[in-house]
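Heavy atoms only: backbone and side chains are in, while hydrogens, waters and symmetry mates are out.
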Amino acid sequence: MRKIWIGGLLLLMAAGWSSCKNMLDIESTRAVTEENMWASKNDAWAGSFACYGLLRAAMCNENSFWAHGELRAGHFTITKRGDLQAVRKSLLTSNYATMDTWRDWRKFYATIAQCNIAIAKLPGIPALDERYSSTEMELDLAQVRFIRAFTYFYMARIWGDVPLITEPTQGDFATVPRTAQDEVLNFAYNEANTAINKLPWQFDGVSPEQPGNYRGQGVSHWRSILATKGAGLTLMAHIRAWQKDYQGALDALTILRNNQSKTGYARVSITDLVSNGGTFRGRRNENILQMDMNFDHAEISTTGQIENWTLRAPDVAKKEAEIYVTKDSILNIFPQASDLRISNFFTDMGSMQPMFYKMKMLNDAVKNPTLRFFNSAIVIFRYEELLLLEAECQVRLDNPGPALTILNDLRGGRNITPLVNTLTKEQMLEEIFQERRRELMGEGWLWYDLVTFGKVTEYTGLSEADIQNGAIYWPISRAALSLNPKLTQFNYWK
């Protein structure tokens, strides 16, 4: 059973995959160059699954998922590392090797390049290998389209205007200028919308899009690690919300709500959220989409999880964590002492540096004093986040009733008091923001929430003028600029 998953990533492993850090140390954006590779069912499997692997490698490389989505926002205090301090202070042109990694989008464009060639090549394989049916091809093609759509959405939130490349390219990075963010996001939305027509609600072998076991595995094996209709609709909702088209976002969310029996999505208890076998172990009903890091499949890393920054002795052989949340911040963010998240998200509250303990996929291999491997999943979308997005859209569209129900259901599950129905629109939006801040802490959402809720100036040292000059986005790396003379830097970073 393991060989099927690992075999799908042979392209990556052949390059010497030992961790997310060195998995994609490449210059070319062309992930697959051999024309004769796209000739069989096995080629299709390897080529399409490589898209997942490349995306995961880009997201976990030097903990970039959290550098981009979490550190600038202010939850975490930095102990000693200068590169993390620089991110926290939005000094994103600082001269650190890790900062070069976080500024560089080329690994994401490696994902795009692999998706582009897969989209071009997959439709021709059924004629070359009768074992590969058109139905299976369309399913694989839809997954690749989803990954391409998600990758462009992900990059647009980080870098703003990014080059839109949709065709296979030869050699090095295509020399094309940046494309306006709205155009990129509209492309991603349409791509996701196309993908969901050929994606199943679940990989359970029931839907016509996916009959029988997929690649020899049942639904429990694939839950939340492959693109589905639900993941596609969630992506579409987030794209529209980022564009401030809240009705468009709510339209996608309503389809999800009306098909909950098909998605299987469910809320998670506080115990399951933080347990070793829970949310961050993954493949569970609360996870809509995750990048799997499965210890059983040797998918482990020394740098791909936030635990590398947050854990310390006695859980790992390290006296001090790189980042932590101060006790004053904890009490400010979680003002109700009854909130179950306080005792479940943090430990050693009596010390000067409480340890953030929400993600802690610990086992004997993790505790190895030399290697310190980590294997918790990168949870991209989970159900509580989706519900909070729905609540936000309802309030912005002047429908406070459904939003209040969502908020109070979630608050009840975390043992805090319900909200009253006399709140103003502004107060409701503030409550939603604060609930996202509490529930999603450490999950890579807070920076994007500061942007969408208009709170960047409130929580950072950036001004409105800085924002207008592009400060909310990351600068483009010097390497990318040198390879593509048509690129331009935002004024703030010049």
Side-chain angles (χ1 to χ4, degrees), residues 18-23 56-71 73 75-81 83-84 87-88 98 101-102 268 270-284 287 290-326 329-330 341-349 351 353-380 382 439-446:
S18 61
S19 77
C20 286
K21 180 177 179 180
N22 58 25
M23 187 191 296
R56 179 178 66 181
M59 294 173 71
C60 73
N61 189 39
E62 293 290 359
N63 285 23
S64 66
F65 180 77
W66 293 276
H68 291 144
E70 198 77 35
L71 281 191
H75 271 160
F76 290 96
T77 295
I78 316 301
T79 52
K80 296 177 180 177
R81 281 182 53 173
D83 56 344
L84 302 187
V87 176
R88 175 65 185 85
T98 48
T101 296
W102 298 327
V268 62
I270 191 67
T271 301
D272 285 341
L273 177 61
V274 301
S275 72
N276 270 8
T279 297
F280 300 100
R281 174 65 171 83
R283 306 192 190 193
R284 292 169 52 89
N287 290 0
Q290 67 183 66
M291 291 288 111
D292 210 34
M293 297 293 291
N294 194 313
F295 183 81
D296 295 337
H297 299 168
E299 296 169 358
I300 50 182
S301 170
T302 59
T303 64
Q305 284 79 20
I306 195 173
E307 293 103 309
N308 187 46
W309 290 343
T310 58
L311 296 184
R312 55 171 170 78
D315 294 291
V316 297
K318 185 167 57 175
K319 291 183 180 179
E320 187 176 56
E322 279 84 358
I323 64 175
Y324 69 99
V325 184
T326 67
S329 293
I330 294 169
R341 290 169 291 202
I342 300 174
S343 59
N344 282 277
F345 286 8
F346 305 95
T347 188
D348 202 9
M349 285 286 288
S351 74
Q353 296 180 9
M355 183 160 55
F356 184 64
Y357 216 54
K358 184 180 183 181
M359 294 87 152
K360 51 182 185 302
M361 290 297 298
L362 301 174
N363 52 40
D364 289 341
V366 172
K367 295 182 180 181
N368 184 300
T370 303
L371 298 177
R372 284 207 306 267
F373 285 129
F374 303 97
N375 69 116
S376 56
I378 298 176
V379 177
I380 297 172
R382 71 175 171 94
E439 178 68 17
L440 304 174
M441 178 178 282
E443 296 184 43
W445 281 104
L446 185 56

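Between Arg56 and Asp292 there is no salt bridge, since no side-chain nitrogen of the basic residue lies less than 4.0 Å from a carboxylate oxygen of the acidic one. Note on Glu439 versus Arg382: salt bridge recorded, some NZ/NE/NH1/NH2 to OD/OE distance being below 4.0 Å.
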> What's the verdict on side chain to side chain donor-acceptor pair (under 3.5 Å) for Ser329 and Thr326, showing C-alpha distance, side-chain angles and the deciding distance?
Replying inline: CA-CA 5 Å; Ser329 293; Thr326 67; 2.9 Å; yes
>> Show, in sequence, the C-alpha distance, side-chain angles and deciding distance for Leu71 and Leu84, and conclude whether the side-chain contact (heavy atoms from CB on, under 4.5 Å) test is met.
In response: CA-CA 7 Å; Leu71 281 191; Leu84 302 187; 3.7 Å; yes
>> Using side-chain contact (heavy atoms from CB on, under 4.5 Å), reason through Asp83 and Trp102 one step at a time and then give a plain yes or no.
In response: CA-CA 10 Å; Asp83 56 344; Trp102 298 327; 3.9 Å; yes
> Could you walk me through whether Trp309 and Arg81 pass the side-chain contact (heavy atoms from CB on, under 4.5 Å) check?
Replying inline: CA-CA 10 Å; Trp309 290 343; Arg81 281 182 53 173; 3.4 Å; yes
>> With side-chain contact (heavy atoms from CB on, under 4.5 Å) as the criterion, how do Lys360 and Val274 come out once you've worked through the C-alpha distance, each side chain's angles and the decisive distance to 0.1 Å?
In response: CA-CA 8 Å; Lys360 51 182 185 302; Val274 301; 3.7 Å; yes
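The shortest heavy-atom contact between Glu70 and Gly444 is OE1-N, 2.7 Å. The nearest pair of heavy atoms linking Leu311 to Lys318 is O-CE, 3.1 Å.
Checking side-chain atoms of Ser64 against main-chain N and O of Ala67 turns up no donor-acceptor pair under 3.5 Å. The backbone N or O of Gly442 lies less than 3.5 Å from a partner atom in the side chain of Trp66, making a donor-acceptor pair.
Here the OG-CZ distance, from Ser275 to Arg281, works out to 11.0 Å after rounding to the nearest 0.5 Å. With values rounded to the nearest 0.5 angstrom, Leu446 atom CG is found 4.5 Å from His75 atom NE2. Considering CG of Asn308 and OG of Ser376, their distance stands at 10.5 Å, rounded to 0.5 Å. From Ile306, atom CD1 reaches atom CD1 of Ile378 across 10.5 Å, with rounding to the nearest 0.5 Å.
You'll find the side chain of Thr79 stays beyond 4.5 Å of the side chain of Ile323, heavy atoms only. Residues Gln290 and Arg283 meet the side-chain proximity criterion, which asks for heavy atoms closer than 4.5 Å. In this structure, Lys80 and Glu322 have side chains that are not in contact, with every pair of non-hydrogen atoms separated by 4.5 Å or more. Side-chain contact check for Pro354 versus Tyr324: some heavy-atom pair is nearer than 4.5 Å. Here the side chains of Met291 and Val379 are not in contact, with every heavy-atom distance at 4.5 Å or above. Side-chain contact between Gln305 and Met359: absent, with no pair of heavy atoms (C-beta onward) separated by less than 4.5 Å. Taking 4.5 Å as the limit, every side-chain heavy atom of Thr310 sits out of range of all side-chain heavy atoms of Tyr357.
The residue from Glu307, Glu443, Arg341 that alone fulfils the side-chain contact (heavy atoms from CB on, under 4.5 Å) condition with Lys358 is Glu443. In summary, of the residues considered (Leu273, Val325, Ile330), a side-chain contact (heavy atoms from CB on, under 4.5 Å) with Phe345 occurs for Leu273 alone.
Remark: Phe356 pairs with Phe76, Phe346 by the ring pair (Phe, Tyr, Trp, His ring centres under 6.0 Å) rule, at least two apart or across chains. Considering only residues two or more places apart in sequence or on other chains, His68 meets the ring pair (Phe, Tyr, Trp, His ring centres under 6.0 Å) condition with Trp159, Trp474.
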